[in-house]
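Remarks on the structure that follows.
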Number of protein chains: 2
Amino acid sequence: MDERDYDPPRLLRTLPSWLLNRAAAAASAQVNAALAHERVRRHHFTVLLALSEGGPASQAALGRRLGIDRSDMAAVVAELERDELIARERDPHDRRRNVVTLTPAGAAALARLQQRVVAAQEALLTPLSADERAELARLLSRIVEQP
Amino acid sequence: MDERDYDPPRLLRTLPSWLLNRAAAAASAQVNAALAHERVRRHHFTVLLALSEGGPASQAALGRRLGIDRSDMAAVVAELERDELIARERDPHDRRRNVVTLTPAGAAALARLQQRVVAAQEALLTPLSADERAELARLLSRIVEQP
DNA sequence: TGCCAACGTTGGCTCCGCCAACATAACAGA
DNA sequence: TCTGTTATGTTGGCGGAGCCAACGTTGGCA
């Protein structure tokens, strides 16, 4: 895009929904670049993270925890299995479920990703002081956790 | 989704990019609901707004001002023309260009939309005080206007 | 004149969120 | 025990959004 001609209407510049959208887009660009190093996308990262933190779980349980649809989860988990970052087995106690487990390779990839993703936040938030970053996180949390 | 089981990893809850994403999704949901009353989407609204504020312009100029790709702009403008919210004519001084003009019906629709979109912000920001809303806008602006 | 750039259009791609339908499996109630 | 309901994973599809490539038309410039 020709950045020099970029000049949106005044209302948009002050509209919280517009600002959130653009900030989120900038954040996604940074994060996606970080995730691309391991050839994964956002959902793959969050699934690896959830497994690392909560231990093995079924696809449905992961989806509920992370807010990912069952159908999307099936695709994500299939790709992670193909890349051997997770292992999948039918749960012997409930043969409807797939028990998803983090492999050592998955844990290693997660460690690398985590580092890059955290670094991406830094790039995103450079204009803000530490206090301002904390304040931003606080305000966003209140919006997100709206009853 | 079963909201009661929603419980993402700790890291995500504090990750600015994650918070931005979820807040932007909530904002989009509110704004899209507002825009649905006139059967338009975000780009249609911003194009109407830009025309109202800046007067007639070519599709390419609108795209540069708003950060919308030429191909997407072609589709948006075609839909707005079909709904008679804008008029399109070849520019007699440069027959490559389409001059896009807001119609009275377009201006009226924009007025209604603007009201609903502003109201949607209110719904989104209810958890925040006036000072906090201003602070949020200030912080987001600094991120968005990053050099 | 001939070459290059801008414009609008069409078509395509990826990512994300969501929904519908289906077969399998577990379970609860009569 | 049988029957209907629910949960699970899978496949396929849709729409919004951002992005890019290619094409014909038109303008401008050397």
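Treat the numbers as computed from the prediction; the structure is a model and nothing was measured. Residue numbers start from 1 in every chain, and the chains themselves are labelled A, B, ... in the order their sequence lines are given, proteins ahead of strands. Values reported hereafter were calculated over all heavy atoms of this structure, with side chains retained and with hydrogens, waters and symmetry mates removed.
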| said: To the closest 0.5 Å, what do you measure between CG (B:Leu15) and CZ (A:Phe45)? | reply: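 Result: 6.5 Å between the selected atoms.
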Starting at [atom1] of [X] and ending at [atom2] of [N], how long is that distance when rounded to a whole Å?
{"X": "A:Tyr6", "N": "D:dG18", "atom1": "OH", "atom2": "P", "value": "10 Å"}
{"X": "A:Glu89", "N": "D:dT8", "atom1": "CD", "atom2": "C1'", "value": "17 Å"}
{"X": "A:His44", "N": "C:dC16", "atom1": "NE2", "atom2": "C1'", "value": "12 Å"}
{"X": "A:Arg65", "N": "D:dT8", "atom1": "CZ", "atom2": "P", "value": "13 Å"}
{"X": "A:Arg64", "N": "D:dA7", "atom1": "CZ", "atom2": "P", "value": "9 Å"}
{"X": "B:Arg39", "N": "D:dG15", "atom1": "CZ", "atom2": "C1'", "value": "15 Å"}
{"X": "A:Arg97", "N": "D:dT6", "atom1": "CZ", "atom2": "P", "value": "16 Å"}
{"X": "A:Asn21", "N": "D:dA17", "atom1": "CG", "atom2": "P", "value": "9 Å"}

| Counting only side-chain N and O atoms of A:Asn98, is one of them less than 4.0 Å from OP1 or OP2 of D:dT10? | yes
| query | Counting just side-chain N and O atoms, does A:His43 come under 4.0 Å of either OP1 or OP2 of C:dC15? | reply | no
| Axis-to-axis angle across the helix from C:dT1-D:dA30 to C:dA30-D:dT1, five pairs an end, to 10 degrees? |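 Comparing the first five pairs with the last five, the axes sit 0° apart.
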| message | Counting only heavy atoms and a strict 4.0 angstrom limit, can you tell me which residues of residues 73-82 of chain A come near DNA chain D? | response |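 Nucleic-acid contacts, sorted: A:Ala74.
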Would you indicate whether the side-chain heavy atoms of [Y] and [X] approach each other to under 4.5 Å?
{"X": "B:Arg133", "Y": "B:Glu122", "value": "yes"}
{"X": "B:His44", "Y": "B:Leu113", "value": "no"}
{"X": "B:Arg138", "Y": "B:Glu135", "value": "yes"}
{"X": "A:Glu79", "Y": "A:Arg41", "value": "yes"}

| task | Assess the side chains of B:Asp69 and B:Ser71: does a donor N or O sit below 3.5 Å from an acceptor N or O? | result | yes
Closer than 3.5 angstrom, by distance alone: can the side chain of [X] be matched with the main-chain N or O of [Y] as a donor-acceptor pair?
{"X": "B:Glu84", "Y": "B:Thr103", "value": "no"}
{"X": "B:Arg142", "Y": "A:Pro127", "value": "yes"}
{"X": "B:Gln121", "Y": "B:Val117", "value": "yes"}
{"X": "A:Ser52", "Y": "A:Leu48", "value": "no"}

| message | Return a single string for nucleotides 20-30 of chain D, one symbol per nucleotide in 5' to 3' order, where B is base contact, S is sugar-phosphate-only contact and - is none, cutoff 4.0 angstrom on heavy atoms. | response | B-B---BS---
| said: Go nucleotide by nucleotide along DNA chain C from the 5' end; which of A:Arg42 and B:Ala61 gets its closest nucleotide reached first? | reply: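 Nearest-nucleotide comparison on DNA chain C picks B:Ala61.
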| Considering all heavy atoms, the nearest B:Gln146-A:Leu124 contact |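 What the structure gives for the nearest pair is NE2-O, 3.2 Å.
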